[in-house]
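Notes for the one structure printed next.
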Amino acid sequence: MTEPLYLDHAATTPITPAAVQAVRDGMAMWANPSSPHAAGRAARAALEAARGRIGAAYGWTGEVLLTSGASESLAIALGRCVLARRIVSAVEHDAVLRAGGRAEVLSVDALGRVDAGALGDVAGALVAVQWCNSETGVRQPIADIAAAVREGGGLLLVDAAQMPASDELAAVADFVAVSAHKRGGPPGTGALLVRDVATLHPSGGQERGYRPGTENLPGVLGHAAALEEAEPDHGERRTRLDDAIRRSGGIVVAEDAVRHPAIGAYRMPGVASAAQLIRFDLQGIAVSAGSACASGSLKPSHVLRAMGWSEEATREVVRVSFGRTTTDADVERFIAAWRGVARATGRFAA
């Protein structure tokens, strides 16, 4: 049997052993954190300690609202920010485009980047710009964008689900959406980091009155534990993959942009993404076409279309993403598989 090779970590990544143990510990603390008795108070203490650890991982000194994941965090910010206007970039995750409603849309350049100098009027607007694109790995110049938004009188919402824990956003963002399962924590939990809760309309219930529902203590404990584990730097591995794809006749998406070291998108001209995925899967290799939330759709990638790609070209791109378990040998195996598919379909260039 072919040994499985998982290279779809941007969709979700394995739960770390420390996070698994933390979830188990949380399941033993079965009391409701909102209950006033001793068991409830113990659960509350554990929850608040984990909340503090999540905030500390991002250097965050504002509020940490515990949610079911980045999608809910984005929906809370976009749906309940006190500012009247919404502006989103054209390459945002589907969760942002759905929650943004009739938001104004910021165009991007051919590399998928927002031009901070061309934001225009952002007064009274919540501006949503991702830190890293989940399909292409392109990183936005968040510090420059944040400065322009703040100077223009707006607030900045950053989708940071794909990025490792870092304090880079603490000084510039007003809202940050994060997810546990992208970082080695359990699915179904995440957080919205909020600089000032006065910029959100409350909803009542738990989470300081900003998110009703019993808190997921096991999930929150697992999230906190995962954030405290170091993540490898895959920059050399992705560079090696980029080079091999390029030399074999493929196209590296947005290769001239600053990109996430663990995410790469590649076009095999003349071979449909669906056909590539099937051929890779038959070899035990898991990759994807676009983000996990849209990979089953027949629609062309809105991200690549916004970058100026033709509809035909968008349907020939696959995404490869690395995680804690990825090795040099894994990269070499994928390179060989990619060349094999290209050769079998007459698209290989030596």
| request: Please determine if R240 and D243 form a salt bridge, counting it only when a charged side-chain N lies under 4.0 Å from a carboxylate O. | output: no
| Worked check of side chain to side chain contact (heavy atoms under 4.5 Å, CB included) between D115 and D109 | CA-CA 8 Å; D115 181 357; D109 64 16; over 6 Å; no
| Do R139 and E168 meet the salt-bridge criterion of a basic N to acidic O distance under 4.0 Å? | yes
| query | Do R24 and V20 come close enough that some side-chain heavy atom pair is under 4.5 Å? | reply | yes
| field | Shortest non-hydrogen contact from V271 toward Q276 | value | O-NE2, 3.0 Å
| field | Side-chain ion pair, R211 and E72, N-O less than 4.0 Å | value | yes
| field | Side-chain heavy-atom pair Y210, I76 within 4.5 angstrom cut-off | value | no
| Any donor-acceptor pair under 3.5 Å linking the side chain of R86 with the backbone of C81? | yes
| query | From T326 OG1 over to L5 CG, what is the distance, rounded to the nearest 0.5 angstrom? | reply | 7.5 Å
| Separation between CG of L156 and CZ of R195, rounded to the nearest 0.5 Å | 9.5 Å
| request: Check whether the side chains of T327 and D330 place a donor and an acceptor atom closer than 3.5 Å, and report yes or no. | output: yes
| Distance-minimising heavy-atom pair for T314 and P300 | OG1-CB, 3.3 Å
| said: Starting from Y58, can I reach V220 by hopping between I/L/V/M/F/W/Y residues whose side chains sit under 4.5 Å apart? | reply: yes
| query | If you round to the nearest 0.5 Å, how far is CD of E3 from CD1 of I285? | reply | 11.5 Å
| request: Check whether the side chains of T67 and S73 place a donor and an acceptor atom closer than 3.5 Å, and report yes or no. | output: yes
| remark: On a heavy-atom basis, the closest approach of Q283 and A337 is OE1-CB, 3.6 Å
| Would you call Y266 and S248 a side-chain contact if the rule is heavy atoms closer than 4.5 Å? | no
| message | So does V253 get a backbone contact from the side chain of R267, meaning a donor-acceptor N/O pair under 3.5 Å? | response | no
| query | With distance as the sole test, does R259 use its side chain to make a donor-acceptor pair with the main-chain N or O of T136 at under 3.5 Å? | reply | no
| Should L241 and I335 count as side-chain neighbours, where that means a heavy-atom distance under 4.5 Å? | yes
| field | L66 backbone acceptor or donor facing E207 side chain under 3.5 Å | value | yes
| Looking only at heavy atoms, what is the nearest atom pair of A160 and V176, with distance? | CB-CG1, 3.7 Å
| message | Can you tell whether the side chains of D144 and R113 come within less than 4.0 Å, N to carboxylate O? | response | no
| query | Would you call E215 and R44 a salt bridge, using N to O less than 4.0 angstrom? | reply | yes
| Is E135 salt-bridged to R319, going by a charged N under 4.0 Å from an acidic O? | no
| field | Heavy-atom closest pair, residues G124 and L83 | value | O-CB, 3.5 Å
| request: Supply the atom-to-atom distance E63 CD to L200 CG, rounded to the nearest 0.5 angstrom. | output: 10.0 Å
| message | Whether E255 and R246 form a salt bridge (side-chain N of Lys/Arg under 4.0 Å from carboxylate O of Asp/Glu) is what I want to check. | response | yes
| message | Treating H260 as the side-chain partner and Q162 as the backbone partner, does any N or O pair qualify as donor plus acceptor under 3.5 Å? | response | yes
| said: Nearest 0.5 Å, please: how far is CG in D8 from OG in S321? | reply: 5.0 Å
| query | So, R208 and E48, do they make that salt bridge, N to O below 4.0 Å? | reply | yes
| task | Heavy atoms only: give me the nearest E92-S89 pair and the separation to one decimal. | result | OE2-OG, 2.5 Å
| Would a hydrophobic clustering, with Ile, Leu, Val, Met, Phe, Trp and Tyr connected at side-chain separations under 4.5 Å, put L221 with V64? | yes
| field | Interatomic distance, K182 atom NZ to T13 atom OG1 [nearest 0.5 angstrom] | value | 10.0 Å
